[in-house]
There are 2 protein chains.
Amino acid sequence: MSSSLKDVAARAGVSARTVSNVVNGSARVSAQTRQRVQEAIDELGYRPNLAARNLRAGRTGVIGLAIPELHSPYFGELAGLLVDAARRRSWTVVIDQTHGDAEAERRLLTGDSGRAMDGLIISPWALEAQEVASTARPLPVVLLGERSPQGLADRVAVDNVAAADDATSHLLALGRRRVAAIGLQPHLHNGTAEQRAEGYRRALRRAGITPSPRWERPVASLHRQDGARAMAELLDGESRPDAVFAFTDELALGALHMAHTRGVRVPEDLALVGFDDIEDGRFSHPTLTTVSPDKGQIAERALQCLADRIYSPENQVPALDLTVPHRLVVRDSTDPGTGADRSASHLPTG
Amino acid sequence: MSSSLKDVAARAGVSARTVSNVVNGSARVSAQTRQRVQEAIDELGYRPNLAARNLRAGRTGVIGLAIPELHSPYFGELAGLLVDAARRRSWTVVIDQTHGDAEAERRLLTGDSGRAMDGLIISPWALEAQEVASTARPLPVVLLGERSPQGLADRVAVDNVAAADDATSHLLALGRRRVAAIGLQPHLHNGTAEQRAEGYRRALRRAGITPSPRWERPVASLHRQDGARAMAELLDGESRPDAVFAFTDELALGALHMAHTRGVRVPEDLALVGFDDIEDGRFSHPTLTTVSPDKGQIAERALQCLADRIYSPENQVPALDLTVPHRLVVRDSTDPGTGADRSASHLPTG
DNA sequence: ATGAAAGCGCTAACAT
DNA sequence: ATGTTAGCGCTTTCAT
């Protein structure tokens, strides 16, 4: 068994209080005493028991991160940023994967997950805004990329409608008219797909084009294979699209794969835009034009929200609804031009 | 403030003991009492305090996962598998990113990280086997993908030498003779790159080819851009390779990108093999031949090691050195043939 | 079947 | 500057 504060105190011939002071630097300790205590600590290999500290403090220093799946590049990147940002605030992150399971999301929100944490950052997938809003939450929660749950929890996201509009408008500006969309999720109501569809249609209408269900391809999930399947369906249709806006980069990369397989040239025959700006899209062939959300800011602001709620529970402002900037990164999949990434270069020239 | 066991006990008119029994089902409680307690729990919205439980139990139910970076597809996939596998054992996973920083790795190993956990799974990057072995560890540790630290901690990994040999032999079997390697890391001594280089050279020698430093490209890190840079160097050389074995899929995808940029055809002009079998390689153009480690088994066995050490500290067997299977997945980047993925199909035919 | 009480290891209010 | 001690919320031994 490892040694405790008391053991160290006994060994150094001081009280527990003094050892605690030395460990935490919380009060003045004479140099001599300090050294004696330090020696005892070293000799015994003493490590403070975190569980005891947590119990005492009423806080764990742990925040939860609940995302659909860690292996998806978008969530992997975001999780990485959050872990690092949390660390800067001396927080530890425990990660849960919901796999889009409503029950799992519910458990996390209600605090029945059996995880001890001071706050939760969750990217809901299956749960609708209504249910998220009505769930009793025993701890501070920040929602990511979710339709605002009627001001009942902080939320951080890009403006999905505007972003989808930007992407679609870019395709229209290239002169494309048969612009398809891949990524609708009629079975889900978490808001994201709906908002991107809305932005897509808005851009079409502004260009004088009537949105048609024929160009809107639903997907079961957001993986590459779903994008490939949707693209196959589009290519099998009577009239082929000359542009595709995929609601995520993974879908876009799957679509790109299928285009290659079918001998469709990108961007000549088909211009393609994704969403998320994942690393893969910078090295695909051709490189992928995409909507780039500011992921660093998403991570930073989500943590800031949590910090405010956790450390200042007294002055509770109403729920925040934070919009994070995005930008369109034009690459080769829509640009038959130079072949260069015009927004962000990650390779040495030459 | 949230309510405690005592509050529930008072409200239900029973002792804390009984409430605890109801919550944990640990002893027989009369149906009537049980119901009364349950009502009190519901009315008060009582949730057990995990910190107190942990203190009492001397265990946290938390294990740490320390990896270089979460956003890399390989580690993202592995982390996802570990999180799910841990959950099946009612464990929570806290993730730390070391970013290949020796100091960060050291802190985790010595337990000075300020994270409360029952065990640690770490994929060391900067630390050498020697130092890992000599570090005093206050908790059970499993090493991933690391050279065996002289039997001083459990370790789970593929046979890197054999795997690299397989990959290289595959290229040689295609009739390629100028086989380059991308991914050496002379500045690191964590073992992985060295072992893959060794397997690469072994295969060459067996084919009667003398390994030459000219074909061995070092990289600063294992990202796509490093692979692209290394490939550029190879293509700028006096004699061009007709095959490349990249030590990771990310490097391979970066190399592939550069090949496209330079107009080099894959696999006709250049056959390419990666390592890790990340999702991207199944949808790249062309799809990527790769060495596929059994990631699910890595996760499962790492957790099993940890469980054995945590739950049965008394019968301590010597450190285990577990080798997990791998297989070569042949795809289009080495197969000018059918264009089909011959080992694992992730798309519907048609 | 249930109650009373000790104690897990730590911090901090109260002492000196 | 340092000692003494209560108590965070829970589980569990001992007792009834």
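Please read all numbers here as calculations on a predicted model, not as lab measurements. Proteins get letters first, then strands, A, B, ... in listed order; numbering begins at 1 in each.
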task: Select one nucleotide: of D:dT2, C:dT2, C:dG3, the one nearest the side-chain heavy atoms of B:Thr33.
output: C:dT2
field: Nucleotide of D:dG9, C:dT2, C:dC10 approaching B:Ala52 most closely (side-chain heavy atoms)
entry: D:dG9
task: Please indicate whether B:Gln32 has more than 12 foreign heavy atoms, meaning atoms of other residues, nucleotides or ligands, lying under 6.0 Å from its CD.
output: no
Distance check: side-chain N/O of [X] vs OP1/OP2 of [N], anything under 4.0 Å?
| X | N | value |
| --- | --- | --- |
| A:Ser20 | C:dA12 | no |
| A:Thr18 | D:dT2 | no |
| B:Ser4 | D:dC8 | no |

Whole-Å distance separating the [atom1] atom of [X] from the [atom2] atom of [N]:
| X | N | atom1 | atom2 | value |
| --- | --- | --- | --- | --- |
| A:Asn49 | D:dG9 | CG | P | 17 Å |
| A:Gln32 | D:dT2 | CD | P | 9 Å |
| A:Leu55 | C:dA12 | CG | P | 13 Å |
| A:Arg17 | C:dG9 | CZ | C1' | 16 Å |
| A:Arg53 | D:dC10 | CZ | C1' | 20 Å |
| A:Leu50 | D:dG9 | CG | P | 18 Å |
| B:Asn24 | D:dC10 | CG | C1' | 9 Å |
| B:Ile41 | D:dC10 | CD1 | P | 10 Å |

task: Find which nucleotide of DNA chain C each of B:Val29 and B:Ala57 is nearest to by heavy atoms, and output the residue with the more 5' nucleotide.
output: B:Val29
Selection residues 120-130 of chain A - residue pairs positive for salt bridge (Lys or Arg N to Asp or Glu O under 4.0 Å), sequence neighbours left out: none
message: Applying salt bridge (Lys or Arg N to Asp or Glu O under 4.0 Å) as the test, list every pair that has at least one member in residues 64-80 of chain A; sequence neighbours left out.
response: A:Glu77-A:Lys295
- request: Identify which one of B:Asn54, B:Val94, B:Thr92 satisfies the side chain to side chain contact (heavy atoms under 4.5 Å, CB included) criterion when paired with B:Thr60.
  value: B:Asn54
field: Partner of B:Val156 under side chain to side chain contact (heavy atoms under 4.5 Å, CB included), chosen from B:Leu320, B:Thr323, B:Val142
entry: B:Val142
